[in-house]
Amino acid sequence: MSANNQANISEVLTQTSKLSLDDTTSDLKKASSGETEVNTQKITPWEVEGAVVDGVQVSVDYDKLIKQFGTRRIDDELIARFEKITGHKAHMYLRRGIFFSHRDINVILDRYEQKKPFYLYTGRGPSKGSMHLGHMLPFVFCKWLQDIFDVPLVIQLTDDEKFLFKTGLTLEDTYKYSRSTVKELAAIGFKPEKTFIFSDLDYVGGAFYKNIIKISKSITGSTAKAAFGFTDTDAIGKVFYPCIQIAPCFSTSFPAIFGTKKDIPCLIPCGIDQDPYFRLTRDISQKLGHPKPTLIHSKFLPALQGSNSKMSSSVDNTAIFTTDTPAQIKNKINRYAFSGGADTLELHRLHGGNPDVDISYQYMCYFVEDDAFLNNLYNEYKAGTLTTGEMKQHCIKIVQEFLLEFQTQLATITEQNVEDFMNPNYPRKFFFN
């Protein structure tokens with residue numbers, strides 16, 4: 001969580017941005033694959049880098065991204081409406097500004113209030129046998145959304161994307177990682193009665209492929225280049241791939257769940273780096289006879305080394321993985337977690353530390369439900385009465401407990417559970433059926 005929205009944990013959300021939600025091709029060209037106007041930070045579906053200032057890479061500027069992408073900030077008024085309509089206290093990720101931006105969320109809240117159907121759609125591109133916390137925590141929020149709304153959830157495993165965009169992976173590798181991801185998602189608590197998880201390598205065909213082809217005819221090569229930064233040297237599979245990630249936005253891609261209904265919209269919880277796909281979707285969806293998708297965007301769980309980038313599966317010491325042991329968690333946090341403390345204990349006691357950049361504190365904002373407890377840590381660290389070592393010990397304990405519970409549940413997931421989630425014809429029933 002960045003400094004400009006953490007002055008106090010109970011006041012992390014600011015006023016709604018007065019920006020247009022127009023999703024035009026010209027907007028996509030301005031965005032040019034998510035980079036800011038002078039390339040000071042790079043945010044694309046495949047790369048996340050903070051700006052470089054005086055030779056030093058700094059945190060991602062989320063305010064700039066809101067202006068860049070033309071989204072709206074999630075404000076207190078919207079959170080209050082969320083709570084009123086659902087009858088549930090807002091998730092801590094909403095209260096703390098971790099999910100901070102949206103496109104048309106009021107459309108979905110209107111439908112829920114009117115008892116009209118919608119569904120959730122999110123995804124994961126598996127490039128390793130296990131997720132890290134940065135992958136996992138958005139699914140925790142998605143599970144909360146599914147529970148309070150009681151709607152279908154489709155989860156796309158983009159094993160084809162990983163094969164196309166990541167060197168050194170075979171199709172067999174990516175498909176194997178997809179199946180292990182299903183086990184991890186089941187361990188989070190998703191149920192096959194409400195959730196369809198599919199591998200692109202399995203599912204592309206039939207109604208899904210018909211939508212892909214329609215989408216592909218609606219997007220020009222120049223638009224794809226503007227939206228994603230593709231060049232003439234990129235494989236044509238990369239240029240075509242966005243059509244596959246767009247297709248789950250249309251309910252007709254899932255006839256076993258929705259039949260042939262074309263008017264059922266989706267809500268997509270995702271990282272802000274995935275927004276280019278869905279800006280493009282919103283630009284073409286109505287032309288194809290479908291409602292625009294709604295989005296709710298999250299910030300990135302930063303790397304252990306600091307908030308200038310997100311965790312990476314390919315660099316082990318930047319991330320805490322779902323398979324890490326308590327000893328590994330302790331070692332990684334003690335050794336690598338960036339400190340907001342002063343250079344010496346004496347200076348820390350005198351001047352205090354900066355919890356806004358302290359990674360141990362930032363991570364706890366994702367795990368600790370108790371706002372008062374976090375406020376105390378924040379204030380004590382700032383005052384210098386809580387040391388960096390003590391902050392790390394709090395973080396180690398909390399992350400160890402979270403992953404121990406997850407790993408215990410993961411051990412109970414069977415191959416039959418995986419088959420149930422990935423079976424499009426598994427019996428699924430919801431309030432609007």
Side-chain angles (χ1 to χ4, degrees), residues 21-29 31 33 45 103-104 107-108 111 116-125 151-165 196-230 234-270 274-295 422 424-425 428:
L21 282 173
D22 290 341
D23 299 297
T24 62
T25 301
S26 62
D27 289 334
L28 290 168
K29 291 179 179 178
S33 77
R103 293 187 186 276
D104 286 354
V107 171
I108 290 296
R111 291 187 71 88
K116 291 182 178 179
F118 63 93
Y119 66 103
L120 295 168
Y121 158 41
T122 193
R124 160 102 175 94
V151 292
L153 165 65
V154 295
I155 302 176
Q156 181 182 37
L157 301 177
T158 58
D159 31 26
D160 51 346
E161 178 200 27
K162 286 303 175 184
F163 173 70
L164 288 168
F165 284 86
F196 175 43
I197 307 175
F198 65 97
S199 151
D200 284 345
L201 295 178
D202 277 342
Y203 193 65
V204 172
F208 193 67
Y209 188 64
K210 288 177 183 177
N211 277 339
I212 290 172
I213 288 298
K214 291 176 184 177
I215 292 162
S216 70
K217 194 172 181 179
S218 302
I219 302 171
T220 66
S222 60
T223 299
K225 287 181 179 180
F228 301 104
F230 295 135
D234 279 311
I236 58 173
K238 291 183 178 181
V239 180
F240 183 74
Y241 171 73
C243 304
I244 301 173
Q245 187 153 329
I246 288 171
C249 296
F250 302 154
S251 58
T252 52
S253 293
F254 307 103
I257 301 174
F258 303 110
T260 59
K261 295 178 182 177
K262 298 182 72 171
D263 61 346
I264 302 178
C266 66
L267 168 60
I268 307 172
C270 65
Q274 299 299 302
D275 188 73
Y277 286 113
F278 306 117
R279 281 204 309 279
L280 185 55
T281 308
R282 288 167 60 87
D283 200 43
I284 66 171
S285 57
Q286 291 185 311
K287 179 171 63 176
L288 294 176
H290 297 275
K292 292 182 178 183
T294 291
L295 287 98
M422 301 183 78
N425 297 310
R428 297 177 172 94

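Positions are given from 1, in the same order as the sequence printed here. Note that the coordinates shown come from a computational prediction; the quantities given were computed from them, not determined experimentally.
- Aromatic rings from F196 and F198 are positioned such that their centres are separated by under 6.0 Å.
- In this structure F163 satisfies the ring pair (Phe, Tyr, Trp, His ring centres under 6.0 Å) test with no other residue, sequence neighbours excluded.
- With hydrogens and angles disregarded, a donor-acceptor distance shorter than 3.5 Å links the side chain of R282 to the backbone of P293.
- Not counting sequence neighbours, D202 has no partner by the salt bridge (Lys or Arg N to Asp or Glu O under 4.0 Å) test.
- In this structure, N425 and A256 approach most closely via the heavy-atom pair OD1-CB, 3.7 Å.
- Between atom OG of residue S218 and atom CG of residue L280 there is a gap of 9.5 Å, rounded to the nearest 0.5 Å.
- Using modelled atom types and a 3.5 Å distance limit, the side chains of D104 and T294 yield no donor-acceptor pair.
- Put simply, CD1 on I215 and NZ on K287 are 11.5 Å apart, with the number rounded to the nearest 0.5 Å.
- Under the 4.5 Å side-chain criterion, counting only non-hydrogen atoms from C-beta, P276 is in contact with F228.
- The two atoms that bring P265 and P117 nearest to each other are CD-O, 3.7 Å, heavy atoms only.
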Listing, residues 245-253 side-chain donor-acceptor contacts under 3.5 Å, not counting sequence neighbours, or none:
unit_1, atom_1, unit_2, atom_2, d
Q245, OE1, Y241, OH, 2.8
Q245, NE2, Q274, OE1, 3.0
S251, OG, K261, O, 2.6
T252, OG1, N211, ND2, 2.9
S253, OG, N211, ND2, 2.8
S253, OG, A247, O, 2.7
S253, OG, F250, O, 3.3

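- Atom CD1 of I284 is separated from atom CZ of R279 by 13.5 Å, given to the nearest 0.5 angstrom.
- Nearest approach of K262 to P291, heavy atoms of both residues: O-CD, 3.2 Å.
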Q: Using the side chain to side chain contact (heavy atoms under 4.5 Å, CB included) rule, take T122 and L153 through it: C-alpha gap first, then chi angles, then the decisive distance, then the call.
A: CA-CA 8 Å; T122 193; L153 165 65; 4.2 Å; yes
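- Rounding to the nearest 0.5 Å gives a distance of 3.5 Å between OG of S199 and CG of D159.
- Closest approach of I268 and C266 over heavy atoms only: CG1-SG, 3.8 Å.
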Q: Tell me, with the steps shown, if D275 and R103 meet salt bridge (Lys or Arg N to Asp or Glu O under 4.0 Å).
A: CA-CA 10 Å; D275 188 73; R103 293 187 186 276; 2.8 Å; yes
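- Judged purely by atom type and a 3.5 angstrom limit, T223 has no side-chain atom pairing as donor or acceptor with the backbone of I219.
- The line from NZ of K214 to CG of L288 is 7.5 Å long, rounded to the nearest 0.5 Å.
- Interatomic distance, OH of Y121 versus CG of L295, reported as 10.0 Å (0.5 Å rounding).
- Ionic pairing of K292 and D283 is not present here: no N-O contact between side-chain nitrogen and carboxylate oxygen is shorter than 4.0 angstrom.
- Within the 4.5 Å cutoff, the side chain of V154 has heavy atoms near those of the I257 side chain.
- Applying the 6.0 Å contact sphere to CZ of F240 captures more than 12 heavy atoms from other residues, nucleotides or ligands.
- For the residue pair Y119 and I264, the shortest heavy atom distance occurs at CE2-O, 3.6 Å.
- Between K162 and G125 the shortest heavy-atom distance is CE-O, 2.9 Å.
- Side-chain atoms of I244 and T158, non-hydrogen and from C-beta on, never get closer than 4.5 Å to each other.
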